[in-house]
Amino acid sequence: MTFEYEATVADRGVDLAFDIAPGETVALLGPNGAGKSTVLAVTAGLLRPDVGRVTLDGRPLTVRGHRERDLHVPPHDRQVSLLAQEPLLFPHLSVLDNVAFGPRSRGDSRSGSRAAADQWLREVGIEELADRRPAQLSGGQAQRAAVARALAADPKLLLLDEPMAALDVAVTPALRQTLRRVLAERTVVLVTHDALDALLLADRVIVIDGGEIVDQGDSSEVLARPRSRFTAQIAGLNMIPGTWRDHAVLTAAGMRVEGHPGDPQPHEGDPVVAVFPPSAVSVFLDAPGGSPRNALEVTITHLEPHGGQIRVRTAELSAEITAQAAAELDLAPGSRAFFVIKATEIAVYGT
Amino acid sequence: MTFEYEATVADRGVDLAFDIAPGETVALLGPNGAGKSTVLAVTAGLLRPDVGRVTLDGRPLTVRGHRERDLHVPPHDRQVSLLAQEPLLFPHLSVLDNVAFGPRSRGDSRSGSRAAADQWLREVGIEELADRRPAQLSGGQAQRAAVARALAADPKLLLLDEPMAALDVAVTPALRQTLRRVLAERTVVLVTHDALDALLLADRVIVIDGGEIVDQGDSSEVLARPRSRFTAQIAGLNMIPGTWRDHAVLTAAGMRVEGHPGDPQPHEGDPVVAVFPPSAVSVFLDAPGGSPRNALEVTITHLEPHGGQIRVRTAELSAEITAQAAAELDLAPGSRAFFVIKATEIAVYGT
Amino acid sequence: MTGQPVRVGVPTWIFFPAVAGAAFVLLPLVAIVLRTPWSRFFDLLGSQASQEALLLSLRTSGTSTLLCIAFGVPMALVLARTSFRGQGILRSLVLLPLVLPPVVGGIALLYTFGRRGLLGETFEVLGIQVAFSTTAVVLAQTFVAMPFLVVSLEGALRTAGQKYEVVAATLGAGPTTVFRRVTLPLVLPGLASGAVLAFARSLGEFGATITFAGSLQGVTRTLPLEIYLLRETDAQAAVALSLVLVVVAVLVIGFARQGKASL
Amino acid sequence: MTGQPVRVGVPTWIFFPAVAGAAFVLLPLVAIVLRTPWSRFFDLLGSQASQEALLLSLRTSGTSTLLCIAFGVPMALVLARTSFRGQGILRSLVLLPLVLPPVVGGIALLYTFGRRGLLGETFEVLGIQVAFSTTAVVLAQTFVAMPFLVVSLEGALRTAGQKYEVVAATLGAGPTTVFRRVTLPLVLPGLASGAVLAFARSLGEFGATITFAGSLQGVTRTLPLEIYLLRETDAQAAVALSLVLVVVAVLVIGFARQGKASL
Amino acid sequence: GSDGADGAEGTGVEDTTLTVYAASSLTATFEQIGEEFEASHDGVEVELNFAGSSDLVAQLQEGAPADVFASADEANMEKLTAEGLEGADPVTFASNTLEIAVPPGNPAGVQGLDDLAGDDVNLVICAPEVPCGAATQKVAESAGVELSPVSEEQSVTDVLAKVTTGEADAGLVYVTDVIAAGEDVEGVEFPESSSAVNVYPVATLADSENADLAQEFVDLVLAEGGQSILQDAGFAQAP
Ligand SMILES: Nc1ncnc2c1ncn2[C@@H]1O[C@H](COP(=O)(O)OP(=O)(O)OP(=O)(O)O)[C@@H](O)[C@H]1O
Ligand SMILES: Nc1ncnc2c1ncn2[C@@H]1O[C@H](COP(=O)(O)OP(=O)(O)OP(=O)(O)O)[C@@H](O)[C@H]1O
Ligand SMILES: [Mg+2]
Ligand SMILES: [Mg+2]
């Protein structure tokens with residue numbers, strides 16, 4: 001009784017497999033072009049993979065190149081509904097009728113589906129736009145209507161491709177709460193670029209890069225202990241990959257980074273990562289001498305304000321220091337500096 | 001030698017005026033449906049306002065219902081280029097030719113415009129997709145191509161409607177730096193939902209709500225001392241509006257909030273706001289007695305992780321406390337609690 | 001008063017060939033109007049033969065337009081939305097009534113539905129006599145007009161693309177629901193212009209009708225046939241009567257376009 | 001092997017009327033093929049009269065299709081992309097050659113370009129003699145075929161909408177650039193199907209040609225005219241010759257569609 | 001053979017419809033003859049189907065329900081008799097000869113057949129495949145005149161249209177056509193026309209369900225009443 005996915009789309013270089021338990025919400029993270037929308041398209045039946053097998057509750061939806069007979073259940077018959085990256089509201093229907101489209105197609109009465117649609121419009125906060133045509137909506141309003149339409153379809157498996165895109169800060173927290181409530185009992189695949197969405201809405205995270213799964217697991221776990229560069233980026237953590245040599249991480253550039261290895265203890269020669277938050281980094285202009293700390297020489301690329309602090313970025317790493325400290329150090333893009341991190345602040349684990 | 005805007009679009013309820021100095025970048029902030037895209041559409045000449053006057057470098061672009069003769073310079077003749085909210089890449093041209101379209105229309109040679117396009121694709125990080133058709137791009141890749149196309153057109157005035165939408169966290173910082181460099185000397189109007197974009201890319205911020213300007217000024221100034229509810233939200237600050245009575249802010253609900261009024265000192269009866277960061281809020285389960293602090297009784301709506309801390313949200317306010325504190329207080333959505341803020345942490349100023 | 005979306009201008013030079021083209025089409029119409037014996041125009045209009053012919057023309061053209069819609073919409077849909085081996089050939093074949101000289105089309109219909117035709121015996125057994133009846137007129141008109149509807153609707157279906165249909169399917173709408181609630185409403189302008197073309201072609205149909213249906217007053221003699229006959233005896237009157245056809249066409253087309261925003 | 005985008009299915013029941021419609025159009029063609037005296041088919045093809053007529057038909061239809069494109073594209077653009085008072089009436093008027101019986105169309109052309117026509121004197125002064133020349137054939141075909149191109153292209157332009165044109169304008173492209181680099185490429189399928197319709201109509205044109213241009217072997221006698229004439233003496237041969245027309249049409253249309261993905 | 005059009009309820013006789021197929025050049029005369037026939041036959045309705053003779057033959061060959069067929073030439077009637085579709089042997093009921101039609105005022109000054117030779121006159125004739133063209137060819141050959149037409153038309157009507165609009169300076173058509181065209185053209189008679197006389201045959205049809213009535217109609221055409229109508233229109237008596 002789960003959703004099982006396994007498919008290869010050769011010309012997009014997307015080849016991966018995963019399962020989802022009933023009622024589980026999985027966040028799909030990954031850089032642009034990683035293959036997230038491709039996975040959703042295959043699941044919704046909009047794209048036939050080269051080889052693959054997709055089943056929902058034991059029922060095969062797409063089978064190709066397996067020992068079973070090839071099979072492709074048409075999109076409308078899958079009980080899978082998809083909110084695509086573009087809103088694509090039906091231009092000839094009012095906003096209300098757009099949202100009522102799903103219930104109506106499922107066979108609900110006209111008045112019943114309208115009532116349901118009305119309810120969903122209220123949830124996303126655009127009930128007063130019910131009678132408008134899609135062409136008369138702003139970008140964010142259209143996005144909200146599309147979210148309402150996808151939710152109203154009430155499928156067995158719900159696929160959401162960046163549902164919070166184009167929304168303003170005033171509505172995001174409220175909609176996030178709505179989704180949190182609505183998605184709780186459903187089986188959902190949620191594509192997002194936002195770690196907070198992943199943390200709050202998803203039980204599990206799957207990180208894709210270059211068409212492959214590079215990291216996955218419990219949402220908070222994955223975001224706290226990222227194993228891939230992209231996951232670290234989304235979690236806002238610094239990551240230095242290397243090999244475990246002589247109780248330290250040896251990077252490809254030949255640098256040694258000391259940290260405290262977690263459980264299980266890595267073995268000599270294992271590929272490992274050193275991970276630490278920007279707030280654990282102190283910035284100096286000169287290398288501080290003779291202490292058990294890591295000092296990495298870096299070139300600063302830019303400075304950003306970040307929640308009252310200043311984030312100092314280099315090509316690979318970032319540090320968070322007070323505005324005062326930044327002013328005292330007289331940092332500017334192009335400056336050379338040292339990032340100093342206490343070994344105890346660095347987590348090291350195998351990948 | 002500036003851009004001057006003043007227009008009313010009655011059926012969208014958008015009516016506002018502002019100026020931009022040459023070389024200045026202005027961020028347009030506002031909730032969904034506020035009228036941001038409408039302002040851009042009028043500026044680009046895609047929408048004729050009911051009444052209005054828009055000039056660029058002293059040249060009237062749109063005049064309607066003024067003492068001068070009505071006038072409407074067609075879009076292609078305005079030297080204004082627009083990146084709209086949808087990427088809308090030409091489906092029949094390759095990505096490279098899409099980006100080369102602007103230079104080519106300006107009269108550059110074929111090879112010259114291709115070279116320029118190639119450069120811009122490199123800037124947004126998709127040079128390897130130059131020969132693809134738009135239909136073969138992922139959502140984020142298409143957005144980046146659209147950004148490249150708008151920048152390549154090299155207009156006098158550049159309008160960008162949410163250029164960072166749909167981009168992943170791996171590319172956002174880099175693209176932000178690119179934009180920062182590229183926009184520095186240009187006259188730009190930038191629509192965004194992100195305070196960081198406003199701070200980093202814009203010299204000045206204009207906040208629109210309900211078709212009117214509700215706040216404007218120097219970017220960091222406005223975000224540090226918001227005067228509207230939406231600006232406070234985008235800046236991540238709490239705001240309580242009220243009137244200045246007896247050296248404190250009296251809210252509509254009859255609550256007194258004490259803070260330290262800034263310059264200029266408000267007069268008795270002035271409309272004022274009390275503004276404080278979530279980190280200035282302590283959370284208690286019982287009202288702490290007899291101290292010169294503000295204690296507001298609230299109902300907690302939800303809890304969110306936020307950069308290692310927990311953000312405790314109510315309908316109107318939010319507090320940031322440690323995870324440990326949250327666990328000790330045993331907070332949950334629906335709990336009643338007291339938000340306590342030291343008067344010195346609250347800034348009060350007139351609106 | 002309200003904000004107006006601005007259209008992107010058409011290049012100025014384009015008006016020159018446009019006006020030239022319009023003049024080329026309109027001048028002959030003006031010439032006809034100038035040469036029409038207006039004094040006799042209304043007598044002609046009043047004559048029983050003209051009136052019967054006009055009514056018959058309207059009835060049969062209306063019916064054949066409906067038939068074209070009933071069968072042409074499915075054909076266009078199948079051509080635009082499925083792909084199978086030999087589809088290209090099928091599309092060319094469906095286009096053929098366009099090139100076939102109408103008289104040859106009429107002969108082909110006789111070869112099919114006539115007494116000695118392919119289906120003639122079947123029909124004879126059933127006691128149905130198709131040729132030389134009003135039914136034959138409708139069949140002839142449908143035969144020549146069908147390709148117009150199919151070609152223009154297929155074009156509209158292709159231009160409209162499938163993205164909204166796909167969205168509807170992901171919301172659980174089956175093919176019939178998608179067809180009824182998404183496809184049809186979206187291509188309504190294309191369907192309307194296809195229907196107008198088909199109606200106009202039916203209204204002007206002459207060659208296939210006279211061959212397949214004959215020219216019996218009140219039964220098969222439509223307005224173009226009446227005009228042809230009148231031309232034998234009174235060429236000017238024939239031209240005048242064809243103006244009636246023109247006026248009727250303008251009225252019907254204009255009326256049909258009332259409801260729709262675009263053609 | 002590669003991932004295939006899936007099409008949304010067509011409702012199954014839609015195949016019934018589609019097949020019925022196709023059968024209705026195709027059966028008469030089959031009937032013709034069955035009745036054709038194949039033994040004589042190739043003799044006919046070889047006869048000088050047929051060959052001259054065929055060549056003339058191809059030449060004139062090709063030219064008139066080009067003329068339809070040259071003048072029809074601007075007309076469609078003006079109708080679809082501008083709005084002015086009386087536009088609706090103008091559109092209906094441009095449609096009229098569709099309803100006008102072709103013979104009346106020919107008369108109208110005579111009234112316009114003939115020796116005693118509206119422009120006749122002008123032409124006579126210029127020393128141009130239009131009537132009874134190949135030019136007249138081209139004019140007649142252009143007159144009847146123009147509305148096809150205009151109507152189907154206008155529909156395509158409306159369906160395609162303006163959003164890409166607007167984007168192009170905001171990138172600084174003037175109207176001519178927009179037309180050439182955005183509008184035209186985007187409606188290419190619509191233009192192609194309009195051109196095919198116009199070509200087919202020109203190829204089958206009979207009434208206006210015989211009335212306006214006359215019928216002289218090698219000069220004005222196109223294939224349809226040759227077919228008509230042949231019919232007087234040998235109906236079966238005429239039918240066989242009209243099959244040639246059909247084959248030519250299929251070849252030309254199929255060839256024209258090679259380059260384009262859609263019709 | 002009647003079809004659904006005459007749904008009038010009434011006595012048996014009133015249901016009778018007589019369907020006459022006639023060449024389109026007989027439109028005006030046969031309409032008159034038809035009226036006369038209806039006047040003398042209570043409850044009989046004459047339905048006339050006019051088209052080119054070859055169209056009509058094609059229809060009859062495909063089983064068109066008709067009672068009488070009047071052709072504009074003998075060739076088309078022969079196609080019919082070749083298949084044995086005639087009821088009784090065809091009889092000729094009228095004849096017609098050629099005349100030169102010129103636009104009013106005769107701008108090219110055409111006086112006779114000789115003036116039509118050469119390139120200075122825009123001459124339009126019927127193609128040799130159609131009856132009037134065959135006659136034209138015959139006349140030209142017997143007169144030894146080499147015609148160089150600018151167009152060989154498909155039918156008399158098409159020739160006449162070129163002349164009435166002034167497009168052609170002269171056309172060779174039948175006497176009856178010149179009369180029918182009235183003021184739009186002038187006729188120029190020429191003696192050589194007698195070398196080609198076109199005759200019009202009429203026949204009842206084998207499939208006729210009202211063979212007697214059909215024969216009566218043919219009789220009327222041949223009788224005084226019909227003949228005078230035909231002669232008023234310019235037809236000559238059958239030879
Ligand atoms: N027709 C197509 N539609 C979408 N992507 C395609 C297509 N053809 C090839 N691709 C490629 O497939 C890869 C995966 O694309 P996909 O749309 O799944 O990415 P994504 O993870 O959704 O990215 P984004 O975050 O930008 O939306 C990309 O590199 C893209 O360029
Ligand atoms: N044709 C139209 N296009 C866009 N908005 C329209 C239109 N007609 C009416 N509106 C209304 O005008 C108001 C302003 O819309 P606008 O698109 O300018 O908002 P916005 O600030 O860009 O919002 P968003 O952040 O959602 O893009 C909205 O309330 C919208 O519903
Ligand atoms: Mg995507
Ligand atoms: Mg917007």
Side-chain angles (χ1 to χ4, degrees), chain A residues 11-12 29-38 84-86 125-126 129 136-144 161-162 165-174 176-177 180 191 193-196 199-200 209 220 223 229-230 233-236 277 279 301-302 304-308 313 318 333, chain B residues 11-12 29-38 84-86 125-126 129 136-144 161-162 165-174 176-177 180 193-196 199-200 209 220 223 229-230 233-236 277 279 301-302 304-308 313 318 320 333:
Chain A
D11 71 339
R12 301 197 189 175
L29 306 177
N32 292 140
K36 306 179 297 293
S37 301
T38 304
Q85 232 165 331
E86 284 177 89
I126 52 165
L129 304 179
Q136 299 171 322
L137 297 182
S138 79
Q141 291 164 344
Q143 178 64 20
R144 292 197 228 172
D161 206 342
E162 304 189 25
L167 299 192
D168 67 51
V169 287
V171 71
T172 321
R176 196 177 278 135
Q177 286 312 308
R180 194 185 162 91
V191 171
H193 287 308
D194 189 337
L196 198 55
L199 272 178
L200 284 181
D209 201 345
S220 48
L223 290 169
R229 173 143 215 87
F230 182 78
Q233 264 171 328
I234 218 174
S279 55
T301 55
H302 56 275
E304 269 174 17
H306 192 269
R313 284 187 185 273
S318 65
Chain B
D11 71 339
R12 302 195 190 174
L29 305 177
N32 291 140
K36 306 180 293 297
S37 301
T38 303
Q85 232 165 331
E86 284 177 89
I126 50 165
L129 304 178
Q136 299 172 323
L137 298 181
S138 78
Q141 291 165 343
Q143 178 65 20
R144 291 197 230 171
D161 207 341
E162 304 190 25
L167 299 193
D168 67 51
V169 286
V171 70
T172 321
R176 197 177 278 134
Q177 285 313 307
R180 195 184 162 89
H193 287 307
D194 189 337
L196 198 52
L199 271 178
L200 285 183
D209 201 345
S220 49
L223 290 169
R229 174 145 211 83
F230 182 79
Q233 263 170 329
I234 219 175
S279 57
T301 56
H302 55 276
E304 269 174 17
H306 192 266
R313 286 188 185 274
S318 66
E320 204 166 275

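Because only heavy atoms are used, hydrogens play no part in the values below, and waters and symmetry mates are left out as well, while side chains stay in. Here is how names work: the chains are called A, B, and so on, in the same order as the sequence lines, proteins then strands, and each is numbered from 1.
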Can you tell which part of [X] gets under 4.5 Å to a heavy atom of chain A, answering side chain, backbone, both or neither?
X: B/R313; answer: side chain
X: B/I234; answer: both
X: B/A166; answer: both
X: B/Q177; answer: side chain
X: B/L129; answer: neither

Option in B/G35, B/A165, B/P173 with maximal non-hydrogen atom pairs under 4.5 Å from chain A: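 Counting heavy-atom pairs under 4.5 Å, the top option is B/P173.
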In Å, rounded to the nearest 0.5 Å, how long is the span from [atom1] of [X] to [atom2] of [Y]?
X: B/S138; Y: A/K36; atom1: OG; atom2: NZ; answer: 6.5 Å
X: A/L200; Y: B/H302; atom1: CG; atom2: NE2; answer: 8.0 Å
X: A/L137; Y: B/N32; atom1: CG; atom2: CG; answer: 10.5 Å

Nearest non-hydrogen partners of A/Q233 and B/A170, listed with the distance: OE1-CB, 3.4 Å
From A/V169, A/V171, A/D168, residue fulfilling side chain to side chain contact (heavy atoms under 4.5 Å, CB included) relative to B/P31: A/D168
Set of salt bridge (charged side-chain N to carboxylate O under 4.0 Å, His left out) partners for A/D209, sequence neighbours left out: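 A/D209 satisfies salt bridge (charged side-chain N to carboxylate O under 4.0 Å, His left out) with no residue once adjacent residues are dropped.
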Partner residues of A/D194 under the side-chain contact (heavy atoms from CB on, under 4.5 Å) criterion, sequence neighbours left out: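 With neighbours one apart ignored, the set is A/R176, A/T192, A/L196, A/D197.
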Region of A/R144 that comes under 4.5 Å of a non-hydrogen atom in chain B: side chain
A/L167 portion near chain B, given a 4.5 angstrom heavy-atom threshold: both
